[in-house]
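Read through the structure below, which is laid out as structure tokens, and then see the notes.
Chain naming here is simple, since letters A, B, ... match the order of the sequence lines and numbering starts at 1 in each. What's counted below: heavy atoms across the whole structure, side chains too, no hydrogens, waters or symmetry copies.
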Amino acid sequence: MRDGQPNKYSNMSNKRPPGEIKSSNQLSVKKPKLSSVTAPTNKKQASVKPEPKAEDDDDDHLPISQRIKKSPTSESKSSSIKKTTKVVSSSVKKVNKKSKKVMKNSKYSKSSKVPPSSGEGKKWNKLEHNGVIFPPPYKPHGIKMLYKGKPVDLTPEQEEVATMFAVMLDTDYMNKPRFKENFFGDWKKILGKNHVIQNLEDCDFTPIYEWHQSEKEKKKQMTTEEKKALKEEKLKQEEKYMWAWVDGKKEKVGNFRVEPPGLFRGRGEHPKMGKLKKRIRPCDITINIGKDAPIPECPVPGERWKEVRHDNTVTWLAFWNDPINPKEFKYVFLAASSTLKGLSDKEKYEKARLLKDYIQGIRAAYTKNFASKDPTKKQIAVATYLIDKLALRAGNEKDDDEADTVGCCTLKVENVEPVPPNILKFDFLGKDSIRYQNEVEVEAAVFKAIQQFRSGKEGSSDLFDLLDTSKLNAHLKELMPGLTAKVFRTYNASITLDDMLSRETKGGDVAEKVVVYQHANKEVAIICNHQRTVSKSHSAQMLRLNEKIEELKAVVEELKSDLSRVKKGKPPLKSKNADGKPKRNLNPESLEKKIAQTNAKIEKMERDKETKEDLKTVALGTSKINYLDPRITVAWCKRHEVPIEKIFNKSLLAKFTWAMDVDPSFRF
DNA sequence: CCCATATACTCAGAGTCATAATC
DNA sequence: CGATTATGACTCTGAGTATATGG
């Protein structure tokens, strides 16, 4: 469903001319003002050395938003993009899907357990916390599901898993055969070989589903006092887990609740969707605390932690192995508002700001390499261009047991279609299986390069066959200390906000300024392709808005008629209003006023309607939380006397405390 | 005050990327 | 020993649910 709708915000764009640079000199002059960016080889910078040609359409330093221009040919784009269902081929692909499944139990020789001591990557000196809290044990409900129409007795364990499935009866997963197969496979193991239940098709879970719905309803019907009491009870229980002591400071813990058991809800076409995610127990959990901190008490009587470590080179407080993918981990970290997280957040933005000093040189360098004879260099250049211009993600290789999604380095031939003379049509599933659709005008050299990368390959093979993220990042690191692909996303998002705010903030009242901010925020969200599904009620809501607008228009018409009649000394056509009250205010002045008021109301509603329609598939939150340097926002608020609370909610304010004292003149 | 809509917050899955281990 | 692959740890994501808001 999410990948269903075309992205109406496709940008046709860009006409940034090649070339155009400052002297190479300038590059090296800029000093990293960043302690955290461990500057490796400053010498390598040579490779960014731009050449002094210049063709001054100097928009190189500008944010993407400004570099993007509507292309003349941008009519009905998205509609026509379709996946050319191609014959899958074994093909060119370097057999690089890691042979993950093999990997015989090379038990991690934990000789390398920890490298702390050296004080080098030290994250903390003292760390104390209370561990994690577990979900309550399963409470059997005894509701019987049906098999071939007859009630079935299930053990609590069997019932628990059946209930996990029943609860999802009204989700889209029921339309996914993969989900059902995986579920049934895991459930079957618990039912046992000779159980009456032999296939899913003959199972009727509706009794359990309905029981669950009624439980939900019951909960909803509780009075506010009851809910409040329940909440306080929970809070009391959890209070001690909410906090940690880090280097003498009390800090909030993020996710101290262990994930409850359930069915795996993989996104997109995930091969493992529906598999049973089993209950985590204390013996699955590894705790990390300071050397002389007391060991957290295990909350389950009679059980104990798997292990207690003292590793101050990491920030996690606890972890367990992901039951779906046992070689992956689930961590408990401090909350976003903590000092530790704030620090690394700040470092992230400082690194992105540093890129500002290098970006011209980097763009010049990759532009030059569009035509490189070295094929790897050429691919790196084009990939970097896409990452910079379109804010694409790096695109790591994925295993076969994950959803099939791509990023820049993993783009397939079929994901990018060149449309002469110089348009590229992108269509692929990115992170979280969110569809990315875009048509972009690119420089001739890029267009040619893409055509070349595609030629002779099948649709399913890699566009950048000589590239992967580590090669790309290794190259980026030579251009700027600490530079990686994701920094471009942060940079382009933040510079766009900064730029749009400074260009578009005019006078006006606070509300108008907030609109300017939201507009910029939206632009960033579009660049980053932050989408959301259209709410179920969206169309109904639009309809209602339209109705209301029509109603108001009718009111205006009547008022106008009243006005003209009153002016002629005649009484209104109707002596009563729609609500049945007799009309008052029959003098022209008040009628005029009323007309103006109503028209203003209509205009406002029209605007609201537009915004709503505009934002129906755009999620603003993600960029605000992860990509926009809060100092831009805070400084802008200070300059324009906008209360910061208009922009940041409570948790954002807490997360961004480190940015609050920024100088009003701060610019990204 | 009630309802519905908007916003805030939680949740856990899905990425990125550095480094260690292995080939 | 250089290149891959595996491991580990951290950020980023939209959905779902709870709560606030406002008409």
Sugar-phosphate only, base, or nothing, as touched by A/Thr315 at under 4.0 Å among non-hydrogen atoms: sugar-phosphate

Atom CD of A/Glu610 with >12 non-hydrogen neighbours under 6.0 angstrom: no

DNA chain B: 5'-proximal contact among A/Asn255 and A/Gly266 (nearest heavy atom): A/Asn255

A/Arg393, nearest nucleotide to its side chain (from B/dG15, B/dA12, C/dG8): B/dG15

A/Asn396 vs B/dG15: side-chain N/O to OP1/OP2 distance below 4.0 Å: no

Integer-rounded Å distance: B/dA14 P and A/Asp400 CG: 15 Å

Side-chain donor-acceptor contacts of residues 234-241 of chain A below 3.5 Å, not counting sequence neighbours, with atom names and distances?
from: A/Glu238; atom 1: OE1; to: A/Arg257; atom 2: NE; distance (Å): 3.4
from: A/Glu238; atom 1: OE1; to: A/Arg257; atom 2: NH2; distance (Å): 2.8
from: A/Glu238; atom 1: OE2; to: A/Arg257; atom 2: NE; distance (Å): 2.8

Rounded interatomic separation in angstrom, taking CH2 from A/Trp320 and P from B/dC11: 11 Å

Side-chain donor-acceptor contact under 3.5 Å, A/Asn473 with A/Thr484: no

A/Ala485 side-chain proximity, nearest of B/dC17, C/dT13, C/dT7: B/dC17

Nearest-nucleotide pick for A/Lys123, side chain only, options being B/dT16, C/dC10, C/dG14: C/dC10

Sequence-distant partners of A/Phe333, ring-ring contact (aromatic ring centres under 6.0 Å, His included), two or more places apart: A/Tyr331

Residue-phosphate contact under 4.0 Å: A/Lys330 side-chain N/O, C/dA9 OP1/OP2: no

Spacing between A/Ile324 atom CD1 and B/dG13 atom P, to the nearest angstrom: 7 Å

Nearest to side-chain heavy atoms of A/Ile434, which nucleotide of C/dG14, C/dT13, B/dA18: C/dG14

Check the interface with nucleotides 6-8 of chain B: list each N/O to N/O pair with the protein under 3.5 Å, or write none.
from: B/dA6; atom 1: OP1; to: A/Lys612; atom 2: NZ; distance (Å): 2.8
from: B/dA6; atom 1: OP2; to: A/Gln541; atom 2: OE1; distance (Å): 3.3
from: B/dA6; atom 1: OP2; to: A/Lys612; atom 2: NZ; distance (Å): 3.4

A/Phe656 and A/Phe648 aromatic ring geometry - parallel, tilted or perpendicular at 30°/60° bounds: tilted

A/Lys252 NZ: over 12 foreign heavy atoms closer than 6.0 Å: no

Nucleotide nearest A/Lys431 when distance is taken to its side chain, options B/dA14, C/dC10, C/dT7: B/dA14

Selected nucleotide, minimal atom distance to A/Lys341 side chain, candidates C/dT11, B/dG13, B/dA18: C/dT11

Phosphate OP1/OP2 of B/dA14: any A/Thr405 side-chain N/O under 4.0 Å: no

Between P of C/dA6 and CG of A/Asp399, the distance in whole Å: 8 Å

B/S/- contact track for nucleotides 16-23 of chain C, protein heavy atom under 4.0 Å: ---S----

Ring pair (Phe, Tyr, Trp, His ring centres under 6.0 Å) between A/His270 and A/Phe179, worked out: CA-CA 9 Å; A/His270 196 116; A/Phe179 184 91; over 10 Å; no

Which residues share a ring-ring contact (aromatic ring centres under 6.0 Å, His included) with A/His530, sequence neighbours left out: A/Tyr627

side-chain hydrogen bond (donor to acceptor under 3.5 Å, both in side chains) partners for A/Arg281, two or more places apart: A/Glu303

Closest to side chain of A/Lys277, choosing from B/dG13, C/dT7, B/dG15: B/dG13

Distance, rounded to the nearest Å, where A/Asn626 contributes CG and B/dG15 contributes P: 15 Å

Closest nucleotide among C/dT11, C/dT13, C/dG8 to the A/Tyr331 side chain: C/dG8

A/Phe426 and A/Tyr436 aromatic ring geometry - parallel, tilted or perpendicular at 30°/60° bounds: perpendicular

Contact under 4.0 Å: A/His270 side-chain N or O vs B/dG13 OP1/OP2: no

Test item: A/Glu307 and A/Ile287 side chains (from C-beta on) under 4.5 Å apart, heavy atoms: no

Sugar-phosphate only, base, or nothing, as touched by A/Asn473 at under 4.0 Å among non-hydrogen atoms: sugar-phosphate

Protein-nucleotide distance (A/Asp404, atom CG; B/dG15, atom P), rounded to Å: 10 Å

Listed nucleotide nearest any side-chain atom of A/Ala394, set B/dC17, B/dT5, C/dT13: B/dC17

